[in-house]
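Have a look at the structure below, then the notes.
If you read the sequence from its start, that first residue is 1, and numbering goes on from there.
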Amino acid sequence: MTRIFNAEYGSAAAQTPLEIVPGLQVRFLRDRAILTNVCPDVFYVRAASAGFSIWTSLKQLLRSMRPALHTGYLRHHLRFGETATHATAWRDVYQLAPDATLTLNAGGCSWRFEPWRQAGCRNGSFEHPAILLKQAIPASAVPVVLELSGGTDSTAIAYALAGRHDVLAITWADPLGPDASDVEHARRIAGKLGFEHRVAVLSPGALFDLPAQFEPDRPSVSLIMMAERDRLVRNAIDGRTNAMVVNGHGGDHIFLDPPSPVPLLDLLFHGHVREALKYYRTLVEFHGGGVLAPLRYRRIGQGIGRNCLSLTPGKRLHLRLIQQACYENAIWSRLGSRYRLVHPFTCPAMLNYALSIAPHEHVGQRQSRLPFRKAMNDYHQTEDFSRVSKGHLTGAFQRAIQLKEDILAALLEQGIGAEYKMYRVDDMQRALRAAALGSTEIHPQLMNALSLELFMQHWSHLSGVARWRIDS
């Protein structure tokens, strides 16, 4: 069993923290307990009215406790997708991520997750981002696999690895578009920097599968291609266990690409007025210019309204997106990987640099992350960071939906969301059919629903629970 601690609130009130395992501390006050995690592992907490327990394995917790579903969390995921939070799909089950703090009492649980406050952040000074990215990648003499998509962020990582002779760059490709512009750009960058380069063509038939060794603790659209990505990485490292895999995930979040008003229109179209108002409030917080500000919104790279109508974004949302980047990167550690994963963009020094930028000053400049792009171009004396990524994997997802349409339709019809009326099955089936025909872009809410149902089905198999319930 992987339960490592069990206690009641106030049972051992003391100001001195108790170290449960290295890096995990608990401090008991009169009516609450404060848990702090400064180690790289994730822990899981099962809370109750009288006390709590701490676990190292979500699978063992679910098998032992069989908690009820957290419907609020599931509905939020369907509307907005993966969102940084301490909550999980199960009621009174919380995750304690690295550099996070949970405060527990009989009334519930609160969360503090501020990765920008790590050691080294907000020290008042910072170096050039090109130097920071290079410093964030360990210099150990091990083989390096670079996930080079051809976008700005992975190109920046490629330049940070320049000069190393043990780098293999791999680029995921759609089987119907192996020579897409992003792939060609990645190939050119790898050749320019002297890296071996491979194009890894995704197998649509392998998408929407989750191997038994994967134990993700939250639904995520990333899970849909996780098994195929893992297979291709393992092929690249050829069985070596000392390899290091590096990617540019998190760059778009930490530089605060402004949110789109499109989800608001989607929510209104489907009659979800309350959720639409919540999303509108997020847009208002972003612009910080009153309730009418989002109506004068100008989206980077597209343009709605005149430049002079762009308003100042709220730093609160910037911090939230930094949370999101660090939170999403943490999912990789629970997928049974046998190689080390490094995410340079969410290292403390890069968060410090990102917080020094005021993104609102560059709205309407036709490029997101303009200060970062310009700084990298100037430093490396190139224009490789001016290019805007086109995206080239949508076709693989559409082909996967074509191949597995009947299976996915059944998953939606018989899933948790349908049983508890979290979505309209007819709406999802229409979106699924349209995606299979390739007549439209894959709807984000469809991807959220598929990731949720895939996640819940996977955990039913892992935990031995045939059907999750909303009551105990």
Side-chain angles (χ1 to χ4, degrees), residues 23 37-44 58 77 80-88 95-101 111-121 129 132-138 144-149 151-158 160-161 170 172 214-227 229-230 232-233 243-257 317-355 369 372 451 455:
N37 181 18
V38 295
C39 72
D41 300 318
V42 178
F43 299 94
Y44 303 96
L58 181 60
H77 174 78
F80 299 102
E82 185 179 8
T83 306
T85 178
H86 61 301
T88 69
Q95 56 178 327
L96 181 56
D99 302 303
T101 297
W111 183 52
R112 192 181 73 213
F113 180 50
E114 300 175 342
W116 54 87
R117 296 191 186 278
Q118 299 176 60
C121 279
L132 298 179
L133 289 173
K134 191 176 185 68
Q135 292 173 343
I137 303 172
V144 176
V145 174
L146 166 64
E147 296 182 76
L148 182 59
S149 69
T152 297
D153 302 328
S154 64
T155 298
I157 303 302
L161 289 166
I170 55 176
W172 316 128
F214 285 15
E215 296 184 14
D217 54 22
R218 58 188 182 271
S220 168
V221 172
S222 299
L223 294 176
I224 291 173
M225 68 168 287
M226 198 69 72
R229 175 202 164 275
D230 184 66
L232 293 171
V233 168
M244 178 169 59
V245 179
V246 189
N247 62 37
H249 188 271
D252 53 346
H253 286 69
I254 71 169
F255 294 123
L256 184 56
D257 282 350
L317 187 58
H318 193 179
L319 297 176
R320 193 181 306 149
L321 288 181
I322 288 177
Q323 275 187 335
Q324 184 71 21
C326 298
Y327 176 85
E328 288 183 7
N329 281 348
I331 195 173
W332 305 88
S333 65
R334 265 102 55 211
L335 299 179
S337 301
R338 298 175 185 172
Y339 41 82
R340 181 181 181 185
L341 280 155
V342 178
H343 304 286
F345 273 99
T346 49
C347 76
M350 277 303 294
L351 300 185
N352 189 16
Y353 169 77
L355 286 170
R369 295 169 290 207
F372 174 70
S451 66
F455 173 84

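His253 and Thr346 share no donor-acceptor pair across their side chains, judged by distance under 3.5 Å alone. A donor atom on one side chain and an acceptor atom on the other are not found under 3.5 Å apart for Thr88 and Gln95.
Using cut-offs of 30° and 60° for the angle between ring planes, the Trp111 and Tyr327 rings count as perpendicular.
Of all the heavy atoms in Ala156 and Leu133, the pair that sits closest is CB-CD1, 3.8 Å. Scanning both residues, Ile157 and Asn247, for their nearest heavy atoms gives CG1-O, 3.9 Å. Taking every heavy atom of both residues into account, Glu82 and Ser220 meet most closely at OE1-OG, 2.9 Å. Of all heavy-atom pairs spanning Phe113 and Ala100, the tightest one is CD1-CB, 3.9 Å. Across all non-hydrogen atoms, the minimal contact from Met350 to Pro344 is CG-O, 3.6 Å. Across all their heavy atoms, Phe345 and His249 have their closest contact at CB-O, 3.9 Å.
In this structure, the side chain of Asn37 engages the main chain of Leu96 through a donor-acceptor pair within 3.5 Å. Between the side chain of Glu147 and the backbone N or O of Trp172 there is no donor-acceptor pair closer than 3.5 Å. Of the possible donor and acceptor atoms, one in the side chain of Ser154 sits under 3.5 Å from a partner among the backbone N and O of Ser149.
Looking at heavy atoms from C-beta onward, Arg340 lies in side-chain contact with Pro138 at the 4.5 angstrom threshold. In this structure, Val145 and Tyr339 have side chains that are not in contact, with every pair of non-hydrogen atoms separated by 4.5 Å or more. A 4.5 Å side-chain heavy-atom check between Asp99 and Cys326 finds every atom pair outside the cut-off. Residues Val42 and Pro98 meet the side-chain proximity criterion, which asks for heavy atoms closer than 4.5 Å. Here the side chains of Leu355 and Ile322 are in contact, with some heavy-atom distance below 4.5 Å.
Checked options Pro129, Pro348, Cys347; the residue passing with Tyr353 is Pro129 (criterion: side-chain contact (heavy atoms from CB on, under 4.5 Å)).
Taking CG from Asn352 and CH2 from Trp116, the interatomic distance works out to 13.0 Å, rounded to the nearest 0.5 Å. A distance of 10.0 Å separates OG1 of Thr85 from CD of Gln324, quoted to the nearest 0.5 Å. To the nearest 0.5 angstrom, Leu223 atom CG is 12.0 Å from Arg229 atom CZ. Atom-to-atom distance recorded for Leu146:CG and Met244:CE is 10.5 Å, nearest 0.5 angstrom.
Judged as a side chain to side chain donor-acceptor pair (under 3.5 Å), and not counting sequence neighbours, the contacts of Asp153 are Arg369.
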